[in-house]
Amino acid sequence: PDPRHVLRVCLDMGLCVVQETDTEFAAYLPQQPQAEFVDIDSPVDPYPEALWSALAAHLASLKGGAALLPRSRYLCAQALASQRLKCLRGRSLGQLCHIVGLALHQRRLLGFADDCVVPLPQ
């Protein structure tokens with residue numbers, strides 16, 4: 001698509017538009033002009049070690065059906081959010097998706113079994 005058209009659409013929608021470079025801009029919701037984009041596929045782990053320790057302890061405590069999380073990273077993040085864990089409090093859904101990805105692929109706290117995400121033994 002034509003970037004000028006996208007810019008016009010963003011402005012027409014009432015989004016807060018910020019010029020990033022001569023050829024790039026960012027569009028934010030008006031109530032969150034400083035919101036940051038979370039790259040859920042990034043291998044960079046910006047989260048404190050205390051988060052990982054608390055999450056590992058929580059996952060180790062899950063038994064039976066409670067240990068079966070949805071296979072989709074998004075749905076898994078939603079399931080963890082619904083558990084209202086103190087270590088995840090205040091995190092955006094994008095951050096939770098990123099945390100699930102890191103827990104699966106780097107931290108090895110989670111793995112796949114059948115059609116579910118499950119805690120791995122630590």
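Counting begins at 1 with the first residue of the sequence.
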With side chain to side chain contact (heavy atoms under 4.5 Å, CB included) as the criterion, how do C76 and R71 come out once you've worked through the C-alpha distance, each side chain's angles and the decisive distance to 0.1 Å? CA-CA 7 Å; C76 186; R71 187 172 178 88; over 6 Å; no

With a 4.0 Å cut-off, would you call D45 and R107 a salt bridge?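 Yes, charged N to carboxylate O under 4.0 Å.
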
Looking only at heavy atoms, which two atoms of [X] and [Y] are closest? And how far apart?
X	Y	value
V38	S92	CG2-OG, 4.4 Å
I40	R73	O-NH1, 2.6 Å
L102	Q106	CD2-OE1, 2.6 Å
H58	S61	O-OG, 2.6 Å
A67	P119	O-CD, 3.1 Å

Rounded to the nearest 0.5 Å, how far does [atom2] of [Y] lie from [atom1] of [X]?
X	Y	atom1	atom2	answer
L51	Q95	CG	CD	9.5 Å
L109	W52	CG	CH2	6.5 Å
L7	D12	CG	CG	9.5 Å
L68	K63	CG	NZ	12.5 Å
L55	Y47	CG	OH	11.5 Å
S82	L88	OG	CG	10.5 Å

Would you say that [X] contacts [Y] through its side chain, given a criterion of any heavy-atom pair below 4.5 Å between the two side chains?
X	Y	value
P46	H98	yes
L96	V100	no
V117	L104	yes

Quick one: do L69 and Q83 satisfy side chain to side chain contact (heavy atoms under 4.5 Å, CB included)? Show the steps, please. CA-CA 12 Å; L69 298 166; Q83 295 173 20; 4.1 Å; yes

Around Y74, counting heavy atoms of other residues, nucleotides and ligands shown, do more than 12 lie under 6.0 Å from its OH?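 Incorrect, the count does not exceed 12.
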
Counting heavy atoms not belonging to D114, are there more than 12 under 6.0 Å from its CG?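 Count not over threshold, so no.
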
What about L110 and L62, same hydrophobic cluster or not, with Ile/Leu/Val/Met/Phe/Trp/Tyr joined at side-chain heavy-atom distances under 4.5 Å?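 Result: yes, single cluster for both.
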
L120 vs Q122, side chain to side chain contact (heavy atoms under 4.5 Å, CB included): CA-CA, chis, key distance, verdict: CA-CA 6 Å; L120 295 177; Q122 296 301 303; 4.1 Å; yes

